Amino acid sequence: MDIIDGKAYSAKLRAALKEKVEKSAIKPGLAVVLVGCDPASQIYVRNKIKACEEVGVRSYSYVLPETATQEEVENLLDKLAADEQVNGILLQLPLPKGLDAESAMARIPVEKDVDGFSAENIGLLCLHKEDLVACTPLGVMKLLENEGVDLCGKNAVVLGRSDTVGKPMAMLLLNANATVTVCHSKTKNLKDICKNADILVAAIGRPKFVTADMVKEGAIVIDIGINRDENGKICGDVDFENVKDKVSKITPVPGGVGPMTITMLMYNACKAAFKE
């Protein structure tokens, strides 16, 4: 059993991005917009700013109050959309109640959509012409590639169908010629479906949901979930201790997919700046 070290590979990728930025005449610029004072969002934003400093990406941070109107949010996004110094725009979700996230996200130009959440970028992914791809699923694909995993013809099961993780994850696996099944809360015979998976990706936000009896011997398990267990300790969607000895490869939580998400944000910011 191999534990996939996302932290180590993430550091390697960031070092490569830093070298690329240092050699380029273009300095990528990333604007992060936070509305309100959600504690988890504040932590994410701080981590993104820190990653920018590490890679050499210019970081622009904008914090609007909880009371900000839809017009104020969209006016700021329009301003950033027109700013040539800003190559990528990230609107931290969720927005406070009363604000329309879909309407706000639509103000971000597709070429600056470093989160990969726009209808255009999702559409390109579906057409196998992907450009800027959602960071977490992209990070998973980079980890699998680094591990030398051949996805062609493999049975891949994705637990979760969210627009930001589950769906793009399934499309990326499908584009890599895996045979993909997407499971969700209405799926019947879930355990049997999971036990047939060569690659099992868990992204449902339920602590330790995936147990050893749901996993095939020798499978590869990717845990995207970030939860807290009954003791308040961070854990994933997979019961790591009971599953790890049954599989060939597995990502831990923390230290697996998590570090890759922000690194892929830096990757997308550089891609947008260099127009690659």
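What you see is a predicted model; the values in this text were computed from it and never measured.
The hydrophobic cluster containing V253 does not contain F240, counting ILVMFWY residues as joined when their side-chain heavy atoms lie under 4.5 angstrom apart, directly or transitively.
Shortest non-hydrogen contact noted between V21 and C270 is CG2-SG, 3.7 Å. Counting all heavy atoms, side chain and backbone alike, P28 lies closest to N87 at CA-OD1, 3.3 Å. Contact between T136 and T261 at its shortest, heavy atoms only, is OG1-OG1, 2.9 Å. For L91 against D115, the heavy-atom pair with the smallest separation is O-OD2, 4.3 Å. The two residues L125 and N175 have their closest heavy-atom pair at O-ND2, 3.1 Å. Minimum heavy-atom separation, M266 to V57: SD-CG2, 4.4 Å.
Judged by distance alone, the side chain of S248 and the main-chain N or O of A219 form a donor-acceptor pair under 3.5 Å. Judged by distance alone, the side chain of N242 and the main-chain N or O of T211 form no donor-acceptor pair under 3.5 Å. Put simply, the side chain of H184 never gets that close to the backbone of R161: no donor and acceptor are under 3.5 Å apart. Judged by distance alone, the side chain of S10 and the main-chain N or O of P259 form a donor-acceptor pair under 3.5 Å. The backbone N or O of F117 sits less than 3.5 Å from a side-chain atom of D113, completing a donor-acceptor pair. Side-chain atoms of K275 never come within 3.5 Å of backbone atoms of K271 as a donor-acceptor pair (strictly under, hydrogens ignored). Without hydrogens or angle criteria, D5 side chain to G256 main chain gives no donor-acceptor distance under 3.5 Å. Between the N227 side chain and the G236 main chain, a donor and an acceptor come within less than 3.5 Å of each other.
No salt bridge links R206 with D237; every basic N to acidic carboxylate O contact stays at or beyond 4.0 Å. Between K249 and E147, at least one side-chain N (NZ, or NE/NH1/NH2) sits under 4.0 Å from a carboxylate O, which counts as a salt bridge. Salt bridge present: E19 and K23 bring a charged side-chain N and a carboxylate O closer than 4.0 Å. Electrostatic pairing of D229 and K233 does not count as a salt bridge here, judged by no charged N lying under 4.0 Å from a carboxylate O. A salt bridge is absent between K246 and E217; no separation between the charged side-chain nitrogens and carboxylate oxygens falls under 4.0 Å.
In this structure, the side chains of D163 and P168 stay at 4.5 Å or more apart for every pair of heavy atoms.
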Output side-chain donor-acceptor pairs under 3.5 Å for residues 188-200, partner residues at least two apart or in another chain, one line each.
from: K191; atom 1: NZ; to: D213; atom 2: OD2; distance (Å): 2.8
from: D198; atom 1: OD1; to: K216; atom 2: NZ; distance (Å): 2.6
from: D198; atom 1: OD2; to: N155; atom 2: N; distance (Å): 2.7

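V133 pairs with exactly one of L124, L138, V114 by the side chain to side chain contact (heavy atoms under 4.5 Å, CB included) rule, that one being L138. For the side chain to side chain contact (heavy atoms under 4.5 Å, CB included) criterion with I250, the lone passing option out of D2, I4, V238 is V238.
Within 6.0 Å of NZ in K244 there are more than 12 heavy atoms belonging to other residues, nucleotides or ligands.
Side chain to side chain, Q85 and K27 fail the donor-acceptor criterion of an N or O pair below 3.5 Å. In the model, E74 has a side-chain atom that pairs as donor or acceptor with a side-chain atom of S103 under 3.5 Å.
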